[in-house]
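Worksheet: one structure, shown below.
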Amino acid sequence: MRKPTVNLKVFADRRRQVGQQIPGAALIVAAHPEHIRNHDVHFPYRQDSNFYYLTAFEEPESVLVLRPGRQPETVMFVRRRDRERETWDGFRYGPEGVEREFGIEKVYPIDEFDKILPTLLREVDGVHYRLGKNPAMDQRVLAGMEATRNMQGRTGKGLLPIMDADELLGEARLIKSEAELADQREACEISAQAHLAAMKFTKPGVTERQVQGVLAYNFLMKGSAREGYNYIVASGDAATTLHYNFNDQPCRNGDLLLIDAGAEYNYYTGDITRTFPVNGKFTDEQARVYEGVLNVQKQIIDFVKPGVVFRELHEMGASLLTDLMLELGFLSGRKDDVIGANKHRKYYPHGIGHWLGMDVHDAGLYMKKGEPRPLEPNMCFTVEPGLYIPADDESVPKNYRGIGVRIEDNVRVTSNGCENMTSTVPKEMADLEKIIGTGWEPTRLG
Ligand code: GLY
Ligand code: MN
Ligand code: MN
């Protein structure tokens, strides 16, 4: 018999806190749909972040219905136990198991969802549900709501209003609790250790895929269940492709290697990028670009504190990186004109960062009531300036072409500044040059 290994009180507290935001209404959150390929081959399954956030339950074909102030308040629908299916696909808790082990008041088999949902919605005055993630579930929820209206007879009551549950849950997830921060920090630390191992492993002739293997090995050996997003292991001019993930080339002497990879731990993910020379020594041009990007990154991290508006960080990134492009001679003209005409985006096409948490691009609004929102303690996000010079860009000197540098750390806003949760992975040039290629061997077990 499997048992949940997480602290279920954390999840019950979240349900209660979210419930307090929506008195009188109901919240419906569905599990992530299962992907099946070639009829019976399963992809690795990962639960929907919002569903996991509220339940700790990892099986597909499940739905949570939360009705604050009503009895029962927490209702779930899950797959029935099924001896044959469990022989093929593994253990299922079944409705009784979920009631007993997960602290959910009432649990029904998922095949009764269409029959029972209309009654559950009869006493509520609105439904928080995210339309558009799971079309089959959308149909069932809408049909249930229509059945609820029909049940009311001639009361004149119309269809219940639907509000977007992602906004509600995104706001709840944005400010991390101590328990969440423990997992977030662990995800960051595992990611950092894996990057360090990858640096030690790298030397001319190793392949991008082998570097990915070192990252994956370290993630899994240190307790991560999976990567938080596709590995980017990009050597040479592949580093100028922002979401490169072929990862199938040899790492060549003289090239830079850009690694963007993060481990997921208890559903929280790290998101680290480091860029360093394959042979352990920066060329003059690589060093100039690298030092420039690193200085920008440090200045932005130093600027983070409560009250700063996230958009200021974006603007600061664009401004400082444009200074660098002008200084290196990649662009010419007045800085304001360059930025006004978006010319800097030729070499820096992305933003300075994003919220970080259960999803790498985490939930949570960046604007509130039409205004950019100020940072608050315990928000977590990435700071990731970069500069990417296309290999065929004849407007820059030859030795700069094909250089791509990004440096990405993960920070938490504190009461008067920020904590860098990924600081254990080196980024100073001198530190990198000491470590690269010094050799990494898998841990000996036993
Ligand atoms: N790894 C995805 C990102 O940095 O946004
Ligand atoms: Mn990244
Ligand atoms: Mn990122």
Side-chain angles (χ1 to χ4, degrees), residues 46 49 170 173-174 176 184-185 187-199 208 211-212 214-216 218-219 224-235 238-247 256-265 267-276 290 293-294 296-298 300-301 304 310-311 313-314 316-318 321 345 347-366 375 379-388 404-413 418-427:
R46 182 197 187 265
S49 296
R173 283 167 47 187
L174 181 55
K176 270 72 175 172
Q184 182 65 68
R185 287 195 189 97
C188 288
E189 184 55 24
I190 294 172
S191 308
Q193 293 303 322
H195 274 262
L196 190 58
M199 284 172 183
E208 294 168 348
V211 176
Q212 179 180 339
V214 171
L215 293 161
N218 278 273
F219 287 0
S224 157
R226 59 182 82 81
E227 66 276 18
Y229 53 92
N230 274 344
Y231 294 88
I232 301 172
V233 185
S235 64
T240 64
T241 303
L242 295 180
H243 290 162
Y244 174 83
N245 53 39
F246 296 126
N247 300 355
L256 290 175
L257 177 64
L258 180 153
I259 301 176
D260 185 347
E264 186 185 293
Y265 180 78
Y267 280 77
Y268 284 81
T269 190
D271 180 11
I272 301 179
T273 308
R274 287 292 183 266
T275 312
F276 55 89
Y290 187 87
V293 173
L294 181 61
V296 172
Q297 203 234 15
K298 288 190 206 163
I300 294 174
I301 291 176
V304 172
F310 202 74
R311 190 151 77 192
L313 302 181
H314 279 301
M316 195 172 161
L321 286 166
R345 295 186 64 80
Y347 302 111
Y348 171 53
H350 56 77
I352 199 63
H354 48 81
W355 305 139
L356 181 71
M358 300 182 80
D359 292 308
V360 62
H361 295 167
D362 207 32
L365 298 171
Y366 289 88
L375 297 177
M379 287 179 168
C380 296
F381 59 91
T382 67
V383 180
E384 51 179 306
L387 213 58
Y388 315 88
V405 170
R406 177 164 65 256
I407 306 169
E408 176 173 29
D409 279 307
N410 304 159
V411 302
R412 170 184 77 90
V413 182
C418 75
E419 166 194 353
N420 184 345
M421 299 181 287
T422 48
S423 61
T424 52
V425 53
K427 61 183 175 184

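For ligands, and for the atoms within them, numbers begin at 1 and follow the listed sequence.
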Quiz item: Without hydrogens or angle criteria, can the side chains of Tyr229 and His243 be said to hold a donor-acceptor pair below 3.5 Å?
Solution: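 No.
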Practice problem: Check whether the side chains of Ser49 and Asp359 place a donor and an acceptor atom closer than 3.5 Å, and report yes or no. | Solution: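 The answer is yes; a qualifying pair exists.
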Quiz item: Got a donor-acceptor contact below 3.5 angstrom from the Arg274 side chain to the Pro426 backbone?
Solution: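 Yes: the side chain of Arg274 pairs with the backbone of Pro426.
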Quiz item: Just by modelled atom types, is the Glu264 backbone N or O under 3.5 Å from a matching donor or acceptor in the Ser224 side chain?
Solution: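 Between the backbone of Glu264 and the side chain of Ser224 there is a qualifying donor-acceptor contact (under 3.5 Å).
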Quiz item: What distance separates Glu419 CD from Ile301 CD1, expressed to the nearest 0.5 Å?
Solution: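 Separation between the atoms: 12.0 Å.
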Quiz item: Who are the ring-ring contact (aromatic ring centres under 6.0 Å, His included) partners of Phe276, not counting sequence neighbours?
Solution: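 ring-ring contact (aromatic ring centres under 6.0 Å, His included) check on Phe276 returns nothing, list empty.
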Quiz prompt | ring-ring contact (aromatic ring centres under 6.0 Å, His included) partners for Tyr366, two or more places apart | solution =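 Testing Tyr366 for ring-ring contact (aromatic ring centres under 6.0 Å, His included), a comparison that skips the adjacent residues, returns Phe310, Trp355.
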Quiz item: What closest approach, in Å, do Lys427 and Ile407 show between heavy atoms, and which atom pair accounts for it?
Solution: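 Taking Lys427 first and Ile407 second, the nearest heavy atoms are CD-CG2, 4.1 Å.
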Quiz item: What closest approach, in Å, do Ile300 and Ile352 show between heavy atoms, and which atom pair accounts for it?
Solution: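 So the two residues come closest at CD1-CD1, 3.4 Å.
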Exercise. Give me the protein N, O or S atoms that fall under 2.8 Å of the Mn ion (ligand 3), sorted by chain and residue number.
Key: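 Protein N/O/S atoms under 2.8 Å of the Mn ion (ligand 3): Asp271 OD2, His354 NE2, Glu384 OE2, Glu408 OE2.
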Ligand 1: which protein N/O atoms lie under 3.5 Å from its N/O atoms?
| from | atom 1 | to | atom 2 | distance (Å) |
| --- | --- | --- | --- | --- |
| ligand 1 | 1 (N) | Asp260 | OD1 | 3.3 |
| ligand 1 | 1 (N) | Asp260 | OD2 | 3.1 |
| ligand 1 | 1 (N) | Asp271 | OD1 | 3.2 |
| ligand 1 | 4 (O) | Asp260 | OD2 | 3.4 |
| ligand 1 | 4 (O) | Asp271 | OD1 | 3.4 |
| ligand 1 | 4 (O) | Asp271 | OD2 | 3.2 |
| ligand 1 | 4 (O) | Glu384 | OE1 | 3.1 |
| ligand 1 | 4 (O) | Glu408 | OE1 | 3.4 |
| ligand 1 | 4 (O) | Glu408 | OE2 | 3.2 |
| ligand 1 | 5 (O) | His354 | NE2 | 3.0 |
| ligand 1 | 5 (O) | His361 | NE2 | 2.7 |

